Amino acid sequence: MIERVELKGLTWDDPRGYGPLKAVESAYNAATTGPAVDISWTIQPLGGFESRPLVEVFGQFDLIVADHPHMADAAELDLLCPIDDLSHDYVGLTRESYRYGDRFFAVPVDAGCHVAAYHPDRIKAAPRSWNGVEQLVQEGARVATPLAGVHSLMALLALIASERPADMANFVAFTQDEVSAALNQLRWLKSICLAESLEWNPIEALQALADGKCDYVPITFGYAHFQSCGIRFHDLPAKNAHGRGRGILGGAGMAVSAVSRHADVAKDFCRFCGSSEVQSSLWPTSGGQPAHRAAWNALATTNPFYRDTRLAMGTAQLRPRCPGFNDIQSAVGSEIHSWLADGNPSDRRQPSLKRLQNAIPCMT
């Protein structure tokens, strides 16, 4: 009789988060020479995936699909099992994002970054520059940018990253002049966007684009499955038409709780999910957005999303990884959001990013 172990998993509320899981579980059970798995998945909202501290959930689950800024807290508080000997064959800085110190704490299973999105039935081509975005608005296009919660900060970091050298992988200390310039640009961006932008996360903004409520989204995390709604993706707008915008790395890793009674089996399942074979086949065909470079290269030959965003993935910057950063990005994001929501933000002192700037030297 085949041995089976029961595992509990936590993922997030999007086809990228839950779509492939049952299909991959079946494939794993057919392929494994060890115990089979029976996984019960709990689905949490995107906001929980982004901001809910792992310390609140690690004792309830064996498997956790997690955002990479959580890795420092997870390592310092012994919340997750290290998963070493990871393949180097993941797109962009996806593999690096799950490292803290000299160890890795999740297997990359999903990759994404900031891109622009548009509907070709309403916009002939995505603007290459911010001047082009302004012209688009003058021509009557409706623009939206997700600014809810931490996404006000994510948009700000994307604007800063776009001014950085292309070979700069991590955020290093930035100057107050950089911050002020990016805040002014963000304030301008908010002024040309639909008012609902302040309440939308990336999924909601892309759904609005799909539903015909807006025409163009200049900064959002990319979701391949929205192509089925006619949406196309493009590089972020740049300072000028000859440049290239640059965003922030997103994605998700599959981690194992440090208190799991079946940690070895759970780790084996994580590695299976992140393998080239699964990432290139079952993962994308079941609704997932893979992290493996082989999958992106293969998909780019036939799928516009991967073809049009592969360069953006290669230049996306990492957020800081240091203990407490998740709380910092939530607090700073809230402060920026409140500033943007004010009817006349220019009449108020710009929000202070000192807490964020203090976190930058913690990059490891």
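As the structure is a prediction and not an experimental result, all values here were calculated from the model.
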Steps toward side chain to side chain contact (heavy atoms under 4.5 Å, CB included) verdict (Tyr90, His292): CA-CA 4 Å; Tyr90 292 99; His292 204 282; 3.9 Å; yes

Run the side chain to side chain contact (heavy atoms under 4.5 Å, CB included) test on Val24 and Phe269 for me, step by step, so that the C-alpha distance in whole Å, both residues' side-chain angles and the decisive distance to 0.1 Å come before the verdict. CA-CA 9 Å; Val24 175; Phe269 181 76; 4.3 Å; yes

Would Phe61 and Ser257 count as a side chain to side chain contact (heavy atoms under 4.5 Å, CB included) if you check the C-alpha gap in whole Å, the side-chain angles of each, and the deciding distance to 0.1 Å? CA-CA 7 Å; Phe61 300 97; Ser257 168; 5.7 Å; no

Could you check Glu50 against Asn326 for side chain to side chain contact (heavy atoms under 4.5 Å, CB included), going step by step and ending with a plain yes or no? CA-CA 8 Å; Glu50 294 168 338; Asn326 231 55; over 6 Å; no

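Taking all atoms of both residues into account, the shortest heavy-atom contact from Val37 to Arg4 is O-NH2, 3.4 Å. In this structure, Ala72 and Cys322 approach most closely via the heavy-atom pair CB-C, 3.3 Å. Nearest heavy-atom pair, Ser51 versus Ser330, reported as atom, atom and distance to 0.1 Å: OG-OG, 3.4 Å. The heavy-atom pair separating Thr94 from Ala111 by the smallest distance is OG1-CB, 3.8 Å. Contact detail for Tyr306 and Pro290: the closest heavy-atom pair is OH-CD, 3.2 Å. Shortest non-hydrogen contact noted between Ile43 and Asp13 is CG2-CA, 3.4 Å.
Interatomic distance, Phe105 CZ to Met71 CE, rounded to the nearest 0.5 Å: 9.0 Å. Atom CZ of residue Phe226 and atom CD1 of residue Ile203 lie 6.5 Å apart, to the nearest 0.5 angstrom. The OG1 atom of Thr301 lies 13.5 Å from the CH2 atom of Trp296; values are rounded to the nearest 0.5 Å. A distance of 13.0 Å separates CZ in Arg310 from SG in Cys113, rounded to the nearest 0.5 Å.
Annotation: salt bridge (Lys or Arg N to Asp or Glu O under 4.0 Å) contacts involving residues 71-85, sequence neighbours excluded, comprise Asp84-Arg103.
No more than 12 heavy atoms of other residues, nucleotides or ligands lie within 6.0 Å of NZ in Lys213, so this atom counts as exposed by the packing criterion. Open room surrounds CG on Asp264; 12 or fewer heavy atoms of other groups in view lie less than 6.0 Å from it. Counting heavy atoms of neighbouring residues, nucleotides and ligands inside a 6.0 Å radius, atom CZ of Arg122 exceeds 12 of them.
Side-chain contact, Asn303 with Gln227: a donor N or O sits under 3.5 Å from an acceptor N or O.
Using a 4.5 Å cut-off on side-chain heavy atoms (C-beta onward), Asn29 and Glu25 make contact. Between Glu6 and His262 the shortest side-chain heavy-atom distance does not fall below 4.5 Å.
For Phe233 and Phe305, the gap between ring centers is short of 6.0 Å.
Qualifying side-chain contact (heavy atoms from CB on, under 4.5 Å) partners for His225, counting only residues two or more places apart in sequence or in other chains: Asp14, Pro15, Arg16, Tyr223. For Arg142, the salt bridge (Lys or Arg N to Asp or Glu O under 4.0 Å) partners at least two apart in sequence or on another chain are Asp215.
Checking side-chain atoms of Thr32 against main-chain N and O of Tyr28 turns up no donor-acceptor pair under 3.5 Å.
Residues Leu156 and Trp200 do not share a hydrophobic cluster, defined by chaining ILVMFWY side chains whose heavy atoms lie under 4.5 Å apart.
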